[in-house]
Each structure stands twice: as structure tokens, then as C-alpha cells.
Amino acid sequence: MLRASTLILILNSAFASDVLLTNGRIYTGNEKQPWVQALAISGTRIDIAGSDAEILSRKQARTKIIDLQGRTVLPGLIDSHTHLWMGALALHGFNLATPEVYVEPKDEAAFLSKLRGYASAHPKDKVLFGRVQFPREATHELLDRAVPDRPVVIHAPTEHEYWVNAKALAMAGISDKPLADPEMEKFVVRDKAGKPTGVLRDAAMLLIERTLPKQALSEKADWMREALLYMNRFGVTSVTNASGDLAELEIYKALRDRGQLTIRVRMAFANVGKKHVLTPQLLADLEKARKTYNDEWISANLVKFFSDGAGGPPLYEPEEFRAIVTELDKRGFQIMTHAIGAGPAKMVVDAYQAVIETNGPRDRRLRMEHAMNVPMPEVSRMGKLGINASMQPAFCCFSDRPDAPSNVWQSMRTNQVNVAFGSDWPCSWPPAPLDGIQQAVERQLRQLFTPPAPNPNPSFVSPNERLTVEQAVAAYTRAGAFARFSENRLGTLEPGKEADLAVLSQDIFTAQPRDIGKSRVALTMVGGKVVFDDRQQNK
């Protein structure tokens with residue numbers, strides 16, 4: 001009688017796979033078989049996860065073998081909250097708010113030198129884009145001194161403010177006269193004389209975006225491809241894109257048509273900090289998006305709301321918010337809502353409960369984005385209502401308040417809240433899940449939007465809310481897949497699922513917590529195709 005293992009080898013030998021990954025330490029995320037040595041892949045999907053002997057039995061002449069050389073492998077990392085087009089702009093323009101290059105306007109000489117140098121090196125750019133940490137009291141005069149002849153549009157790292165020069169103000173039609181739209185006007189920062197300072201917040205940012213010179217779709221696609229490949233370097237294989245419209249969806253389609261879409265995109269309709277109004281045009285756009293884009297690469301049955309901006313009071317009255325999300329839920333759209341403050345978070349939970357009670361039970365997977373300051377009673381309600389929390393480890397731990405801890409990840413898990421992690425890139429830089437895993441495990445006190453300084457005696461915030469490495473990895477994989485309705489295809493490395501994975505330079509499960517973020521991605525695969533390979537540098 002044949003032994004079971006022998007029978008498996010005989011059966012496997014009757015089939016051939018396209019790619020075999022062998023000699024690895026592969027974390028599948030499958031609770032029934034968490035660790036394997038090797039994977040067999042055919043087309044875009046995994047055939048078998050098992051031992052080297054099982055997988056090598058599927059080798060034939062055309063089979064490609066990737067020797068992992070003992071490296072650790074994770075399921076493809078899912079960034080559950082990002083802004084791809086904003087990231088593309090940041091990569092294309094000047095970026096003075098990264099760990100490698102950090103210059104603030106208060107260092108006036110260095111700041112002016114950087115801007116003038118960039119403008120000189122890009123004489124053909126009609127508008128100059130940048131990313132800088134600037135103060136609320138910033139004015140356009142400093143930018144005018146650096147670049148007087150072209151519009152300059154600088155994004156704050158939060159992506160909730162623009163700082164622009166006089167040319168950009170004129171381009172957008174912003175003058176000393178108040179805007180006709182009071183909803184826009186209240187977000188235009190003006191001085192005591194009523195003159196625009198050059199700082200535009202939330203909804204007013206649209207005034208700039210609507211008047212930017214038109215770009216050819218091919219150029220937008222080139223910029224976006226650079227952004228996608230940049231994220232692939234960090235092992236990211238899928239995202240929930242937390243802002244966008246039909247025009248942005250066309251960019252992803254153009255890349256897919258070229259065979260250059262290297263990240264699976266689920267896009268939410270939203271403009272940063274702007275209230276939705278259910279106009280016939282918006283409803284038509286939403287219906288067109290979900291009918292046109294509904295596959296494993298591009299999907300768009302998702303609408304995002306802002307209950308507040310970068311903190312501050314709610315943007316909606318509770319009744320107003322409840323009515324609009326109830327209507328969209330009735331039409332079958334998934335809802336996600338940005339909520340930073342405790343009051344807005346409660347408003348979101350209240351509204352979601354009303355949605356469920358009004359429209360009845362269904363698998364809707366309501367989401368709260370950021371969820372940084374959710375009061376404990378609301379955490380319990382989130383679990384009971386099945387609300388997903390989409391959170392960013394990079395935004396953890398800027399203060400230590402035992403009376404009101406933020407980012408209560410472990411408490412949420414205890415209350416059966418599905419916690420999915422992301423970067424909010426380019427709000428955090430870079431979009432590195434391995435850094436996020438380290439922060440989830442450590443919860444080190446940090447400064448917001450400034451490079452971390454060496455600290456021999458770091459402080460840690462609410463250690464009881466730390467996650468284990470396995471829990472943090474799950475937040476970037478299984479939980480992210482569930483939050484985007486993709487758990488049947490993504491999130492774990494199992495037979496039948498997409499071959500999306502990341503090969504690491506070191507084993508983060510055995511590394512010291514302080515060293516997890518030093519790990520690098522050596523190879524990223526999406527749908528069985530290698531989209532990033534840096535193994536020689538990461539030996």
C-alpha cells in the first residue's frame with residue numbers, strides 16, 4: 001500500500017507548474033498550515049504549498065525555479081489606505097519631507113535654494129509640485145521669491161493643506177474677494193485684511209486641482225507606473241486607494257491595457273476633505289465606476305467620506321451624514337469614513353448602526369479610516385456592528401495619554417474588530433509595511449511628520465496595545481484582504497489563491513523588534529510575475 005507522502009509525489013509529478021519557489025521559510029498566513037518550505041505556481045495562482053520534495057516533483061523543462069536561499073516570505077502586503085496619485089505627484093516633484101531629505105521653510109536659505117534649484121532643473125514643467133512640512137502661518141511671498149514666474153503647489157504631508165504661490169492663486173481665481181461658494185471659502189486661509197495667504201485647506205484644495213494644466217493620459221500613466229513600482233519595492237501588492245474619480249480609474253485601465261499594472265487597486269470615490277452631495281452626476285459616476293471596474297485588478301464599488309479633516313470638528317451634521325450613507329448603502333456601495341477625532345468617530349459609529357438598522361443585514365463591511373481616537377465604548381460597538389478599522393502604524397504614538405490612549409489595536413482585536421493596516425502614503429513616507437510592523441510591535445513615541453532622531457532611550461506608548469509580529473502581519477495581509485472583499489483570492493499563500501508575495505532580507509519573526517524595520521524586501525511577486533527583484537543587494 002502506498003504511503004500518503006509517496007502518493008502525493010506521484011500525483012504531483014503528473015502536473016507541471018510554471019514557477020517553483022523552493023528552500024524558503026514561507027509564512028502562509030493559513031492557520032492550518034502556517035509555515036511551508038516551497039510554493040508551486042501556475043499562471044497567476046498558487047498550485048501547492050508544501051515541502052521542497054512536494055513542489056520539486058512538479059518541475060518540468062519549462063518550469064522556472066527560484067531558490068529562496070532560506071529567506072522568509074510573506075503573503076503580498078496590502079496597503080489598506082493610500083493615495084496613489086498624490087504619491088505619484090510627490091515622486092515627480094520635489095520632496096523635502098522624507099527621512100533622507102528634510103528641509104523646513106524656517107531654514108529660509110536652504111529652502112529657497114532647493115526650490116530655485118528644482119525650478120531651474122525643470123524649465124518645461126508648467127506647474128511645480130512639492131511636498132514640505134510648512135507652518136499654518138506660511139504665506140505665498142516666500143514661494144514668490146523662489147519661483148515668481150510659474151505656479152508652485154506644495155502639499156503638506158497630511159495632504160489636507162496646500163501652500164501655493166501668487167501665480168497658483170491667480171491660476172485658481174483666488175483673489176481678495178471672497179469666493180461665491182461659502183463651503184470653499186471657509187477653507188481659504190486669509191490674513192486680517194482678507195487677502196489670501198497662499199494656504200488652502202481641505203475642500204479649497206479643489207480650486208487648485210480643477211485649474212491645473214491638462215495632462216495627457218499617457219503622461220499620467222507614466223507617473224502612476226513610477227508610483228506603483230515604488231510601492232512594489234516595499235512588498236506592496238494590493239491597495240485600497242482612499243481618493244479618486246473616474247479620471248483616475250482611467251489611468252489604472254491604461255496601465256492594465258499596457259500590461260504594466262503591478263498593484264491591485266480598489267479605489268474609493270472622494271476628494272480630500274470635501275463633503276459628498278448626492279447629485280445625479282455623482283450617482284451616475286459611481287454606477288459607471290462599479291459596472292466598468294469590477295475585477296481582480298481594478299474595482300470601484302467604494303465611496304469615502306470625511307467625518308472630519310486633519311482633526312477638528314465634524315464636517316457633517318449627524319443627521320446629514322446618516323442620511324447620505326444610508327442612501328448609498330441601500331444602493332449597494334461599500335462605505336469608508338475618515339475619522340480622527342473622538343467625536344467624529346462616535347458620529348460614524350452611530351450612523352453605521354442606523355444604516356444597519358434601516359437597510360437590514362447584509363455583508364457590507366463598513367470601514368472607519370484612521371480610527372486613531374475611538375473611545376472604548378465605541379470600540380465595543382464597532383466589534384458588535386462588524387465595522388472594520390483601517391489604521392496606520394506610522395501615525396501611532398505621538399503622545400502618551402493613559403486617560404485617552406490612541407490607536408488601540410489590541411483592544412480592537414479583543415473586541416472582534418477587523419484591524420487592517422496601511423500607510424496613507426504619501427502622508428507617511430515611505431510606504432513601508434515592515435516599518436509599520438515594527439511600530440505595531442514596539443509602539444515607540446515619535447514626532448509627527450519629522451524624521452526619527454536617534455534615541456538611545458526611547459519611550460513607548462500604551463504597551464498593552466502592542467501587537468505580536470503575527471498579528472501585525474495579519475493586519476497587512478488577511479485583514480486587509482477581508483476589508484476589501486478579497487479574502488477568497490488574497491491575504492494568504494494557499495492553493496487556489498493569487499501568487500502575490502514578498503521575499504524579505506531577514507526573518508522578522510525572529511528578529512529583535514527594534515530591527516524589524518531594518519528588513520528590506522528582496523523580491524515582490526504579483527499574480528505569479530516578479531515585479532521587483534533586489535536579491536543581489538539584499539543577500
Side-chain angles (χ1 to χ4, degrees), residues 81 160 179-188 201-206 242-245 268-287 289-290 301-391 404 412 415 417 483:
H81 187 115
H160 282 267
L179 300 175
D181 183 346
E183 188 64 30
M184 291 284 194
E185 173 60 29
K186 70 182 182 181
F187 293 110
V188 176
R201 295 172 38 239
D202 287 325
M205 294 158 59
L206 277 174
S243 57
D245 52 20
F269 267 71
N271 294 115
V272 172
K274 184 178 185 299
K275 293 170 63 173
H276 279 305
V277 178
L278 293 189
T279 62
Q281 185 62 60
L282 174 61
L283 292 172
D285 286 352
L286 293 176
E287 290 290 352
R290 73 168 164 187
N301 184 34
L302 184 58
V303 186
K304 181 188 175 186
F305 290 84
F306 286 83
S307 69
D308 54 2
L315 297 183
Y316 294 86
E317 292 298 324
E319 297 79 7
E320 175 190 23
F321 180 66
R322 186 182 307 123
I324 192 170
V325 296
T326 300
E327 178 61 27
L328 286 174
D329 176 83
K330 185 170 68 175
R331 293 170 181 257
F333 292 98
Q334 187 186 13
I335 305 297
M336 57 191 282
T337 307
H338 162 120
I340 291 179
K346 183 180 186 304
M347 184 186 77
V348 172
V349 176
D350 288 342
Y352 284 176
Q353 180 170 341
V355 164
I356 294 168
E357 292 172 350
T358 301
N359 292 341
R362 72 175 176 88
D363 187 8
R364 45 178 49 89
R365 304 192 192 180
L366 298 163
R367 298 171 50 134
M368 185 187 295
E369 308 301 305
H370 309 306
M372 295 168 63
N373 298 291
V374 183
M376 283 300 179
E378 309 313 317
V379 170
S380 176
R381 291 174 66 202
M382 287 178 69
K384 293 174 182 176
L385 294 169
I387 299 171
N388 293 263
S390 169
M391 306 177 74
M412 286 189 170
N415 282 275
V417 176

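The structure presented is a predicted model; accordingly, all values stated were derived computationally and were not measured.
Smallest separation of non-hydrogen atoms from Val374 and Ala345: CG2-CB, 4.1 Å. Minimum interatomic distance between Ile335 and Val325 (heavy atoms only, all atoms of both residues): CG2-CG1, 4.1 Å. A pairwise comparison of heavy atoms in Phe306 and Val272 identifies CZ-CA, 3.5 Å as the closest pair. Pairing each heavy atom of Ala204 with each of Val188, the nearest pair is CB-CG2, 3.9 Å. For Pro344 against Ser307, the heavy-atom pair with the smallest separation is CB-OG, 3.3 Å. Arg290 and Arg331 get closest at one heavy-atom pair: NH2-O, 2.7 Å.
Judged purely by atom type and a 3.5 angstrom limit, Gln334 uses its side chain to pair as donor or acceptor with the backbone of Arg365. No side-chain donor-acceptor contact under 3.5 Å links Glu378 to the backbone of Pro375. Counting only distance, with no hydrogens or angles, the side chain of Asn301 and the backbone of Gly332 share a donor-acceptor pair below 3.5 Å. The main-chain N or O of Gly309 is never found under 3.5 Å from a side-chain atom of Asp202 such that the two would form a donor-acceptor pair. Put simply, the side chain of Asp308 gets close to the backbone of Ile340: a donor and an acceptor are under 3.5 Å apart.
Distance check, rounded to the nearest 0.5 Å: CG of Leu385 to CG of Leu366 gives 8.5 Å. To the nearest 0.5 angstrom, Lys186 atom NZ is 10.0 Å from Asp181 atom CG. The line from CG of Leu179 to CZ of Phe187 is 12.0 Å long, rounded to the nearest 0.5 Å. Summarising the geometry, atom CE belonging to Met412 is positioned 8.0 Å from atom CE belonging to Met376; distances are rounded to the nearest 0.5 Å. Once rounded to the nearest 0.5 Å, the distance linking NZ of Lys275 with CD of Glu183 reads 5.0 Å. Taking NZ from Lys384 and CG from Asn415, the interatomic distance works out to 8.0 Å, rounded to the nearest 0.5 Å.
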Report task. Begin from the C-alpha positions of Val303 and Leu282 and carry the test side-chain contact (heavy atoms from CB on, under 4.5 Å) through to its verdict. Result -> CA-CA 11 Å; Val303 186; Leu282 174 61; over 6 Å; no
Report task. Start with the C-alpha gap between Leu206 and Met184, add the side-chain angles, then the distance that decides, and say whether side-chain contact (heavy atoms from CB on, under 4.5 Å) holds. Result -> CA-CA 9 Å; Leu206 277 174; Met184 291 284 194; 3.9 Å; yes
Requested in this report: Evaluate salt bridge (Lys or Arg N to Asp or Glu O under 4.0 Å) for Glu319 paired with Arg322, printing each intermediate quantity in order.
Outcome: CA-CA 5 Å; Glu319 297 79 7; Arg322 186 182 307 123; 5.1 Å; no
Query raised in the report: Thr358 and Lys330: side-chain contact (heavy atoms from CB on, under 4.5 Å), yes or no, with the steps?
Result: CA-CA 9 Å; Thr358 301; Lys330 185 170 68 175; over 6 Å; no
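A 4.5 Å side-chain heavy-atom check between Leu328 and Leu286 finds at least one atom pair inside the cut-off. With a 4.5 Å cut-off on side-chain heavy atoms, Val417 and Ile387 do not count as touching. For the pair Asn271 and Met205, the minimum side-chain heavy-atom distance is 4.5 Å or more. Within the 4.5 Å cutoff, side-chain heavy atoms of Asn359 are placed close to those of Thr326. With a 4.5 Å cut-off on side-chain heavy atoms, Ile324 and Leu278 count as touching. The side-chain heavy atoms of Leu302 and Met336, taken from C-beta on, include a pair separated by under 4.5 Å.
Listed by first and then second residue, the ring pair (Phe, Tyr, Trp, His ring centres under 6.0 Å) pairs involving residues 348-384 are His81-His370, His338-His370 (not counting sequence neighbours).
The ring-ring contact (aromatic ring centres under 6.0 Å, His included) search around Phe321 returns Phe305, Tyr316, not counting sequence neighbours.
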